[in-house]
Amino acid sequence: MIALTDCNNFYASCERVFDPSLNGKPVVVLSNNDGCVIARSNEAKALGIPMGAPVFKYRRLIDAGKVHVFSSNFALYGDMSRRVMNLLSEHARNIEIYSIDEAFLDLGEGGDLYEAARTLREKVGRCTGIPVSIGIAPGKTLAKVATHIAKKRPGTGGCFLLADAEQIKKEVENFPVRELWGVGRRLTVRLRKMGIENAGQFTALSDAFVRREFTVNGLRMKKELLGGSVIPLEPSDRSKKSICTARSFGEMVQSREHLEQAVSSHTVTCAEKLRRQGSLASSMMVFIHTNAFREDLPQYRRNIVVPFPATQNTLSLVKTAKTALGKIYRSGYQYKKAGVILLDISPADRYQRDLFREDPREEDDMRLVKAVDMLNAKYGRGTLRLGDQGLRDKHALRQRRRSRSYTTQWEELLEIGEEEG
DNA sequence: TCTGGGGTCCTAGGACCC
DNA sequence: TCTGGGGTCCTAGGACCC
């Protein structure tokens with residue numbers, strides 16, 4: 001049996017852990033640059049603030065509803081996630097960390113699984129302050145369904161066991177197809193045109209039809225909805241096949257120099273991630289674009305992919321990225337976003353060297369890069385930076401309402417005054 | 001005025017191999 | 001008029017996830 005553990009309103013819940021006066025009040029967390037709403041407490045959802053809503057469009061509602069607003073604080077959320085995942089791993093035979101706030105657990109067969117889930121939920125709540133919902137079922141797709149029920153249906157106590165055949169059939173029949181794991185906007189529309197609104201109707205379609213219309217993914221989904229388990233648990237430590245760093249600018253950017261600094265910084269970040277997972281990349285994509293929402297302004301968007309001998313060397317990667325940017329940059333536009341994606345990633349320990357094209361500087365470069373990594377690890381990210389990145393972060397994010405990094409910075413620890421006990 | 005960031009997988013079609 | 005069979009690799013585009 002597989003359990004899916006999902007943290008409730010995760011980012012909003014993280015903020016509440018360190019300010020319990022927010023309990024019972026509407027809380028939202030914003031995306032980078034304080035642009036969109038990316039997490040909402042139940043109270044904020046009840047006010048009618050949608051997921052992904054641009055803040056300025058809901059300004060009135062937010063002000064009127066006395067909503068507590070936070071800029072995103074990923075240092076905090078990442079660390080809280082790590083704590084939750086550590087606890088979960090202690091109570092499962094195997095765990096797949098599926099996202100920052102979700103994990104699939106292999107619970108094995110025996111015992112009272114519902115009770116086990118209740119105990120685990122209570123423990124995570126007590127040790128981390130994060131409320132979670134747990135759904136248990138024979139496969140991942142039904143575990144997702146079970147978690148959905150655990151979260152929405154009153155009286156479940158935050159846990160739901162979907163095990164016997166009759167019960168599975170009944171729940172699947174009533175489950176809206178658009179809420180299924182693997183069904184997005186497009187599929188919802190296509191299914192509706194076929195008259196399919198709930199998961200039961202979907203499972204009634206023939207295998208051949210499902211395969212033809214919805215590919216192997218659709219077929220896997222059907223089998224899992226019927227109680228099978230065909231989507232295996234993946235190891236959580238799989239290395240990434242692509243590594244991306246991209247940001248919107250707080251204010252639009254025109255100059256090539258400024259874009260170069262942003263692209264250089266993103267490349268440095270990508271290269272750090274690349275080395276951390278012990279990989280090499282042998283191509284990269286650099287992309288820039290203007291603000292598509294500003295229909296009154298001239299639009300430009302372009303990307304370029306460049307191949308190169310496999311490396312994890314920041315210096316050569318930045319050089320490549322700057323050359324690539326030069327090929328796609330056009331003056332006269334107001335740019336909103338720039339990004340870098342490392343591609344064709346392979347393990348560093350299986351690197352096949354090129355007999356005829358060895359870069360003599362590579363070895364020296366790597367010694368330097370590793371020394372920089374060490375110093376940045378010891379004294380904090382960005383302590384040592386490349387000149388290419390610019391002296392100051394001119395493209396700094398807008399983050400007006402960020403909470404403190406309570407768990408990852410000594411200077412930002414939570415202080416508890418005497419009057420509060 | 002103001003609209004996020006980071007990923008994975010599948011398919012179709014073209015180029016190429018013998 | 002009529003032109004084989006079997007395969008791999010790559011890419012772009014589309015769809016999905018959180």
Side-chain angles (χ1 to χ4, degrees), chain A residues 4-11 28-39 49-60 62-63 69-74 77-78 81 96-104 140-141 144 147-148 177-191 211-221 231-232 234 236 238-252 266 269-270 273-274 277 282-283 285 287 289-297 303-305 307 334 336-345 397-400:
Chain A
L4 172 68
T5 307
D6 192 331
C7 300
N8 300 345
N9 316 325
F10 183 54
Y11 299 164
V28 300
V29 177
L30 307 183
S31 63
N32 276 334
N33 288 316
D34 296 344
C36 294
V37 173
I38 57 168
I49 302 170
M51 180 65 173
V55 182
F56 69 92
K57 283 194 181 168
Y58 291 85
R59 176 58 57 201
R60 269 229 205 101
I62 287 170
D63 291 345
V69 179
F70 290 88
S71 302
S72 41
N73 182 349
F74 289 109
Y77 312 148
S81 169
E96 173 189 344
I97 297 172
Y98 179 66
S99 73
I100 194 165
D101 73 328
E102 281 181 55
F104 290 104
K140 283 175 151 184
T141 307
K144 277 275 195 182
T147 304
H148 190 91
V177 84
R178 76 182 124 77
E179 306 284 357
L180 284 172
W181 186 47
V183 176
R185 266 206 325 272
R186 303 297 183 120
L187 277 187
T188 302
V189 172
R190 278 182 61 204
L191 287 163
R211 167 70 241 237
R212 179 158 34 87
E213 292 293 321
F214 306 106
T215 81
V216 296
N217 290 323
L219 203 51
R220 283 193 200 119
M221 188 161 77
I231 306 174
E234 309 265 357
S236 305
R238 257 195 337 177
S239 24
K240 301 274 185 253
K241 297 171 182 173
S242 67
I243 292 176
C244 172
T245 305
R247 292 286 178 281
S248 298
F249 300 112
E251 279 163 32
M252 300 225 257
H266 296 338
T269 308
C270 280
K273 296 182 193 172
L274 185 69
Q277 73 165 31
S282 54
S283 71
M285 178 190 284
F287 65 88
H289 61 77
T290 51
N291 186 347
F293 292 104
R294 291 293 300 272
E295 287 166 12
D296 53 322
L297 295 176
N303 68 64
I304 181 170
V305 178
Q334 302 199 46
K336 179 62 180 169
K337 186 169 181 174
V340 174
I341 309 175
L342 297 182
L343 303 160
D344 290 319
I345 289 173
L397 297 172
R398 240 191 342 251
Q399 290 204 317
R400 298 225 180 86

Using the test salt bridge (charged side-chain N to carboxylate O under 4.0 Å, His left out), find all partners of A:Arg190 that sit at least two apart in sequence or belong to another chain.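 A:Glu213.
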
Residues forming a side chain to side chain contact (heavy atoms under 4.5 Å, CB included) with [X], sequence neighbours excluded:
| X | value |
| --- | --- |
| A:Pro54 | A:Phe56, A:Lys57, A:Tyr58 |
| A:Arg400 | A:Asp34, A:Arg398 |
| A:Lys240 | A:Ile243, A:Gln277 |
| A:Arg178 | A:Pro176, A:Thr188 |

For a quick check of understanding: with a heavy-atom distance under 4.0 Å over all strands, which category does A:Ile231 fall into, base, sugar-phosphate or nothing?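 Nothing, no heavy atom under 4.0 Å.
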
Separation of atom [atom1] in [X] from atom [atom2] in [N], rounded to whole Å:
| X | N | atom1 | atom2 | result |
| --- | --- | --- | --- | --- |
| A:Tyr77 | C:dC18 | OH | C1' | 15 Å |
| A:Leu180 | C:dA15 | CG | P | 18 Å |
| A:Lys140 | C:dC18 | NZ | P | 12 Å |

Carboxylate-amine/guanidinium contact A:Lys144 A:Glu102, below 4.0 Å: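 Result for this pair is yes, salt bridge flagged.
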
For a quick test of reading the model, state the closest non-hydrogen atom pair linking A:Cys244 to A:Cys270 and the distance between them.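 Result for this residue pair: C-SG, 4.0 Å.
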
According to side chain to side chain donor-acceptor pair (under 3.5 Å), who are the partners of A:Glu179, at least two apart in sequence or on a separate chain?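 A:Glu179 satisfies side chain to side chain donor-acceptor pair (under 3.5 Å) with no other residue.
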
With sequence neighbours excluded, residues passing side chain to side chain donor-acceptor pair (under 3.5 Å) with A:Ser31: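 Counting only residues at least two positions away or on another chain, A:Ser31 forms no side chain to side chain donor-acceptor pair (under 3.5 Å).
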
If you write DNA chain C from 5' to 3' in dot-bracket form, with Watson-Crick or G-U pairs under 3.5 Å, [ ] for crossing pairs and | for pairs with another strand, what do you get? ....||||||||||||||

The criterion is ring-ring contact (aromatic ring centres under 6.0 Å, His included); which residues satisfy it with A:Phe70, sequence neighbours excluded?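 ring-ring contact (aromatic ring centres under 6.0 Å, His included) list for A:Phe70, sorted by chain: empty.
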
Return the set of residues passing ring-ring contact (aromatic ring centres under 6.0 Å, His included) with A:Phe74 (not counting sequence neighbours), or none when no residue passes.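 Applying ring-ring contact (aromatic ring centres under 6.0 Å, His included) to A:Phe74 gives A:Tyr11, A:Tyr77.
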
May I ask you to list the residues of residues 182-189 of chain A, by number, that have any heavy atom positioned under 4.0 Å from an atom of DNA chain B?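 Within residues 182-189 of chain A, no residue comes under 4.0 Å of DNA chain B.
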
In B/S/- notation, 5' to 3', how is nucleotides 2-14 of chain B contacted by protein heavy atoms closer than 4.0 Å? BBSSSSSSSS---

Should A:Lys144 be listed as having a side-chain N or O under 4.0 Å from OP1 or OP2 of C:dC18?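 For C:dC18, OP1 or OP2 has a side-chain N or O of A:Lys144 closer than 4.0 Å.
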
